[in-house]
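In what follows, chains are A, B, ... by sequence order, proteins preceding strands, each numbered from 1.
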2 protein chains.
Amino acid sequence: MTDEFLTIRQMCDAFEVTPRTLRFYETKELLSPRRVGQKRLYTRRDRARLKLILRGKRFGFSLEEIRQLLELYDIGQGPEVQLRTTYDIARQRLSDMERQRAELDEAIRELKQQLAWGAARLDELERGAAAAE
Amino acid sequence: MTDEFLTIRQMCDAFEVTPRTLRFYETKELLSPRRVGQKRLYTRRDRARLKLILRGKRFGFSLEEIRQLLELYDIGQGPEVQLRTTYDIARQRLSDMERQRAELDEAIRELKQQLAWGAARLDELERGAAAAE
DNA sequence: GATGACGTTTACGTTAACGTAACGCTGCGT
DNA sequence: ACGCAGCGTTACGTTAACGTAAACGTCATC
């Protein structure tokens with residue numbers, strides 16, 4: 001159960017990513033699965049990291065930012081200034097996201113107005129057509 | 001006042017874009033300024049289009065989508081099925097944006113939780129340090 | 001022992017929206 | 001006449017995150 005090691009395919013199925021993606025992350029030093037012969041074997045640690053990676057992506061972090069954060073998580077075993085740094089980066093990211101959200105909201109509002117206008121015109125056309133019959 | 005024609009530089013200053021951008025839009029058939037000799041001259045129509053283009057970008061439309069919409073605006077002088085099409089595309093876009101916003105909200109919530117956790121740990125560290133003195 | 005299924009590496013391709021560089025023409029102020 | 005500013009075209013560079021293809025090794029099976 002929850003096998004100690006997963007093959008690349010099992011990882012892919014579990015996290016809905018492609019093998020290419022996992023190998024790519026490896027070249028970016030985001031993952032470093034054990035090697036048995038040529039095969040990659042992903043440990044519990046790799047799974048935890050991948051989970052963090054994917055969450056980071058949802059947060060809008062770049063892979064490079066994620067790499068730095070993971071590095072901090074590792075090195076910062078002994079909770080030191082690293083945690084503070086990670087924390088600050090994350091707060092920065094949060095404010096970026098909130099700004100993004102505000103812009104998106106604004107765009108949505110504008111677009112809705114446009115749509116209302118369009119709907120009114122379409123409505124007029126329908127009435128016109130109905131009246132013409 | 002509001003000169004009939006604008007040079008490329010005036011356009012750039014007015015809309016905060018670079019010359020490269022305007023020429024790029026031209027190759028993408030989003031704009032088609034008059035030519036006097038070699039120089040480009042932008043008319044009121046071009047300005048209106050650029051305004052729509054930039055708004056479209058804020059909405060998250062791709063340039064290609066914007067091109068199609070502009071085409072519809074043009075051809076659809078006589079309000080026909082075109083308006084309906086434009087309307088539908090825009091509604092589709094709106095739903096995309098709302099989905100996007102939902103995801104962003106979710107990510108923000110998660111990140112905030114993480115931050116709360118981080119803040120708690122930092123707090124612990126401070127207390128520990130204070131107690132140790 | 002041939003056929004697949006799955007794994008590996010290496011390397012080039014992709015997409016969007018421009019940036020940047022190279023090179024040429026042209027008008028204008030001195 | 002000189003030099004520079006500003007416009008023009010053409011074409012290659014950029015960034016991110018993989019996709020895709022080539023070319024090969026290795027089991028397991030038919």
Side-chain angles (χ1 to χ4, degrees), chain A residues 3 5-43 46 49-70 89 93 96-97 100 103 107, chain B residues 3 5-43 46 49-70 89 93 96-97 100 103 107:
Chain A
D3 306 41
F5 300 100
L6 296 188
T7 69
I8 197 170
R9 180 112 303 278
Q10 291 173 319
M11 280 291 274
C12 291
D13 292 344
F15 292 92
E16 308 229 87
V17 294
T18 70
R20 179 66 179 93
T21 299
L22 294 183
R23 295 186 196 114
F24 180 72
Y25 288 169
E26 199 172 329
T27 70
K28 293 293 179 181
E29 300 182 78
L30 293 174
L31 294 177
S32 46
R34 304 297 167 288
R35 287 304 185 92
V36 174
Q38 281 292 49
K39 308 304 177 68
R40 291 170 169 81
L41 286 183
Y42 296 86
T43 67
D46 294 313
R49 289 173 71 94
L50 181 53
K51 194 171 168 185
L52 286 175
I53 293 169
L54 297 179
R55 176 187 298 176
K57 293 204 57 180
R58 285 206 308 284
F59 289 168
F61 288 93
S62 72
L63 293 186
E64 174 54 20
E65 287 173 317
I66 293 172
R67 194 189 60 72
Q68 290 176 28
L69 291 176
L70 286 175
I89 294 179
R93 195 80 262 291
D96 284 354
M97 288 170 64
Q100 232 188 94
E103 282 179 31
Chain B
D3 306 38
F5 299 98
L6 296 188
T7 68
I8 196 169
R9 179 110 307 275
Q10 292 172 320
M11 280 291 274
C12 291
D13 293 344
F15 291 92
E16 308 229 89
V17 294
T18 69
R20 179 67 179 92
T21 299
L22 294 183
R23 296 188 195 113
F24 180 71
Y25 288 168
E26 199 173 327
T27 70
K28 292 294 178 180
E29 299 181 77
L30 293 173
L31 293 176
S32 46
R34 303 297 170 287
R35 288 306 185 91
V36 173
Q38 281 293 48
K39 309 302 176 70
R40 290 169 170 82
L41 287 183
Y42 296 86
T43 68
D46 293 314
R49 289 174 72 95
L50 182 51
K51 194 170 169 186
L52 286 175
I53 292 168
L54 297 179
R55 178 187 296 175
K57 291 204 58 177
R58 285 206 309 285
F59 288 168
F61 288 92
S62 72
L63 292 186
E64 173 55 21
E65 287 173 317
I66 293 172
R67 194 189 60 72
Q68 290 176 30
L69 291 176
L70 286 175
I89 293 180
R93 195 81 262 289
D96 284 355
M97 288 170 65
Q100 232 189 96
E103 281 179 31

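- For A/M11 and C/dG7, the CE to C1' distance is 16 Å, given to the nearest whole Å.
- One N or O on the side chain of B/E65 and one on the backbone of B/S62 form a donor-acceptor pair closer than 3.5 Å.
- At least one side-chain heavy atom of A/R23 sits less than 4.5 Å from a side-chain heavy atom of A/I8.
- Taken from NZ in B/K28 to CD1 in B/I53, the straight-line distance is 13.0 Å, to the nearest 0.5 Å.
- Regarding B/E26, its CD atom lies at a distance of 12 Å from the C1' atom of D/dC7, rounded to whole Å.
- For A/Q100, the side chain to side chain contact (heavy atoms under 4.5 Å, CB included) partners two or more places apart in sequence, or in a different chain, are A/R93, B/L104.
- OP1 and OP2 of C/dG7 both lie 4.0 Å or more from every side-chain N or O belonging to A/R40.
- Atom CG of A/L6 is separated from atom P of C/dG7 by 12 Å (rounded to the nearest Å).
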- Given protein heavy atoms under 4.0 Å, the one-letter contact record of nucleotides 13-27 of chain C, with B base, S sugar-phosphate only and - none, is simply ----BBBB-------
- Item | Derivation and outcome, salt bridge (charged side-chain N to carboxylate O under 4.0 Å, His left out), residues B/R35 and B/E26 | CA-CA 12 Å; B/R35 288 306 185 91; B/E26 199 173 327; 3.3 Å; yes
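- When the P atom of D/dT9 is taken as reference, atom CD of B/Q38 falls 6 Å away, rounded to whole Å.
- One atom, CG of B/L22, and another, P of D/dC7, lie 11 Å apart when rounded to the nearest Å.
- Salt bridge annotation for B/R58-A/E103: absent, with no cationic side-chain nitrogen under 4.0 angstrom from a carboxylate oxygen.
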